[in-house]
Engineer: 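So that we are looking at the same thing, I have put the structure below in structure tokens.
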Number of protein chains: 2
Amino acid sequence: MKKAGNCDLKTCFLCQHSIPEWIAAVSDHRQHLFFKKNETIFQEGSPVKGIFFLYDGKVKVHKQWGPDKELIVRFAQQGDILGHRGLGSGERLYTVSATAVEDTTVCYTELAFFEASLKVNPNLSLKLMQFYADELQEAERKMRNLVHMDVKSRLADALLELSRLHKALHFTISRQDLASFSGTTYETIYRNLQEFIAEKLITVEGRAITILSEKKLRKYIA
Amino acid sequence: MKKAGNCDLKTCFLCQHSIPEWIAAVSDHRQHLFFKKNETIFQEGSPVKGIFFLYDGKVKVHKQWGPDKELIVRFAQQGDILGHRGLGSGERLYTVSATAVEDTTVCYTELAFFEASLKVNPNLSLKLMQFYADELQEAERKMRNLVHMDVKSRLADALLELSRLHKALHFTISRQDLASFSGTTYETIYRNLQEFIAEKLITVEGRAITILSEKKLRKYIA
DNA sequence: GTTTTAATATGATTTAGATCATATTTTTGC
DNA sequence: GCAAAAATATGATCTAAATCATATTAAAAC
């Protein structure tokens, strides 16, 4: 991680939802940080010191289980907030880790400043609440999928979500991450990817995946 | 469901976090509703019309899958909010159902009034946000458990959570609900309950469960 | 208060998917 | 640029838990 030039005060969640009078304060308190691919932004279990606003790049948000098992809870992209789970009422420890999966730029502010921002900008609280509500819904949908859908369907769901995230039918992801995101193992993902390739729903070249038929993939989910 | 006498304007989430000047408005806009055990409070897929504040009783919040599979996402109790997931940015449809598991009294306000309340009471937004943050954390923890823990551990976790909810080592729940809450089937719960009984960690009489050793149960989770 | 319906008990069978094993290829750190 | 580490490929094996089947009991509805 290293410090970088400053943001445009327009793109991030904080600036977008703050009143104009507050932007100057934001300018004083934010820090622009740069993380290389695979760098850790924050780690599960460590104390929450601030909030991150994703400016550019992609980040995986994940939970560890034992030494070698993980679950990717979501992928974050431009405009998203990171570290906001620490705002809950319990101990202020991150309950997830965040790792850059591309070179990533974030805007960072200390927790105290962000909490002040919430007080000053009612709209910010409102938007953040909405953001939470959406995430919660998605988390609950995923829980249901984990319990009731088989791996192939969950993989289809994961591929479609990645496509949405990248705003393209083409994207890059390791099979390992795809497994952690679908809630299964590498081997099972490998086999199911083979099946999707055989069915001509996708094309794979190394880590690059191209969706050939969104429609047929979607059928696996229903 | 039937209407009931009014609430004390002190207990529910809305009243607790509204400024004193707003309580009169709340008094004008809330409705006190009574639901008998097993009655549906709202149904997944139907439009969100209002927000419910749980005043007394217990409610299960669940998602359906096909005709005969469900997942219980959480249990709500006194002081909790219901229907708040509808506040997200998407379509205003409930993404979960809520069903009373005991006779239950709730305070109800229409969505528009609640949204006005959020604007007027910054502290309400803040507290709601905190509530969301906590729920999100819990949902993510559950996701990880579903992926990485076996059924017996998830059952132990569910039993401990129910104990916390009831603030007692003794509580009542159907095996069916226990299965939906642990993300598994009735038969599997039945067998694992037998094992816990044999290990003398719990005692069961009909639907009544008593935890004998919280400590040993907890060991299954780590 | 009896019929219907839902919940429970419990064994037998099946299966999806985890785990193991091993070889090969790709990345990445020094 | 090379060694070490991580990711990938792929078959073989194992197992937890789902499904099926059937009997019994309890709860809810008419």
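The chains referred to below are lettered A, B, ... by the order of the sequence lines, with proteins before strands, and numbering in each begins at 1. Because the structure is predicted, anything quoted here is derived from the model rather than measured.
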Engineer: Measure the angle between the two terminal helix axes of the helix from C:dT2-D:dA29 to C:dC30-D:dG1, five base pairs each, and quote it to 10°.
Structural biologist: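 Roughly 70° between the end axes, to the nearest 10°.
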
Engineer: Rounding to an integer number of Å, can you tell me how far A:E70 CD sits from D:dA7 P?
Structural biologist: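 Interatomic distance, CD of A:E70 to P of D:dA7: 9 Å.
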
Engineer: Assess whether a salt bridge exists between B:R74 and B:D80, defined as any Lys/Arg side-chain N lying under 4.0 Å from an Asp/Glu carboxylate O.
Structural biologist: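 Yes.
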
Engineer: Look at the rings of A:F42 and A:Y94 and say which category their plane angle falls in: under 30° parallel, 30 to 60° tilted, over 60° perpendicular.
Structural biologist: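 Aromatic pair A:F42/A:Y94 classed parallel.
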
Engineer: Distance alone, cut at 3.5 Å: any donor-acceptor contact between the side chains of B:T99 and B:H62?
Structural biologist: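 A pair is found: one side chain offers a donor N or O, the other an acceptor, under 3.5 Å apart.
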
Engineer: Look at the side chain of A:Y190 and decide which nucleotide, out of D:dA7, D:dT10, C:dA7, has an atom nearest to it.
Structural biologist: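 Within the option list, the nearest is D:dT10.
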
Engineer: Quickly work out the B:D68 CG to C:dT5 P distance and round it to whole Å.
Structural biologist: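 In whole Å, C:dT5 P and B:D68 CG are 16 Å from each other.
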
Engineer: For A:E140, which residues count as a salt bridge (charged side-chain N to carboxylate O under 4.0 Å, His left out) partner, sequence neighbours excluded?
Structural biologist: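 Expected list: B:R85.
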
Engineer: Any donor-acceptor pair under 3.5 Å linking the side chain of B:S163 with the backbone of B:A168?
Structural biologist: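 Yes.
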
Engineer: Output yes when at least one side-chain N/O atom of A:Y186 is less than 4.0 Å from OP1 or OP2 of D:dA9, else no.
Structural biologist: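 Yes, within the criterion.
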
Engineer: Checking B:S153 against B:D150: is there a side-chain donor and acceptor pair closer than 3.5 Å?
Structural biologist: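 Judged by distance alone, the side chains do pair up.
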
Engineer: Establish, from distance only, whether the side-chain atoms of A:T210 and A:H170 form a donor-acceptor pair under 3.5 Å.
Structural biologist: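 Result is yes, a qualifying pair exists.
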
Engineer: Distance check needed: D:dA27 P versus B:Q176 CD, whole Å only.
Structural biologist: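 Rounded to the whole Å, the gap is 14 Å.
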
Engineer: Determine, for nucleotides 14-30 of chain C in 5'-to-3' order, which nucleotides have protein heavy atoms under 4.0 Å from the base (write B), from only the sugar-phosphate (write S), or from neither (write -).
Structural biologist: ---SSBB-------S--

Engineer: What residues, two or more places apart in sequence or in another chain, satisfy side chain to side chain contact (heavy atoms under 4.5 Å, CB included) together with B:C107?
Structural biologist: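 Scan of B:C107 (side chain to side chain contact (heavy atoms under 4.5 Å, CB included), adjacent residues dropped) gives B:C7, B:R30, B:H32, B:F53.
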
Engineer: So does A:E187 pair up with A:R191, basic N to acidic O under 4.0 Å?
Structural biologist: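 No, A:E187 and A:R191 are not salt-bridged.
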
Engineer: Going by salt bridge (charged side-chain N to carboxylate O under 4.0 Å, His left out), name the residues that satisfy it together with A:K152, two or more places apart in sequence or in a different chain.
Structural biologist: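 Applying salt bridge (charged side-chain N to carboxylate O under 4.0 Å, His left out) to A:K152 gives A:E195, A:E199.
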
Engineer: Find the distance A:I189:CD1 to D:dA9:P and express it as a whole number of Å.
Structural biologist: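 From A:I189 CD1 to D:dA9 P: 12 Å.
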
Engineer: Looking at DNA chain D, which of residues 193-205 of chain B put a heavy atom within less than 4.0 Å of it?
Structural biologist: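 Those residues whose heavy atoms fall under 4.0 Å from DNA chain D, taken from residues 193-205 of chain B, amount to none.
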
Engineer: Check whether A:H148 reaches the backbone of B:E70 with its side chain - one donor and one acceptor, N or O, closer than 3.5 Å.
Structural biologist: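 Pair found, side chain donor or acceptor close to backbone of B:E70.
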
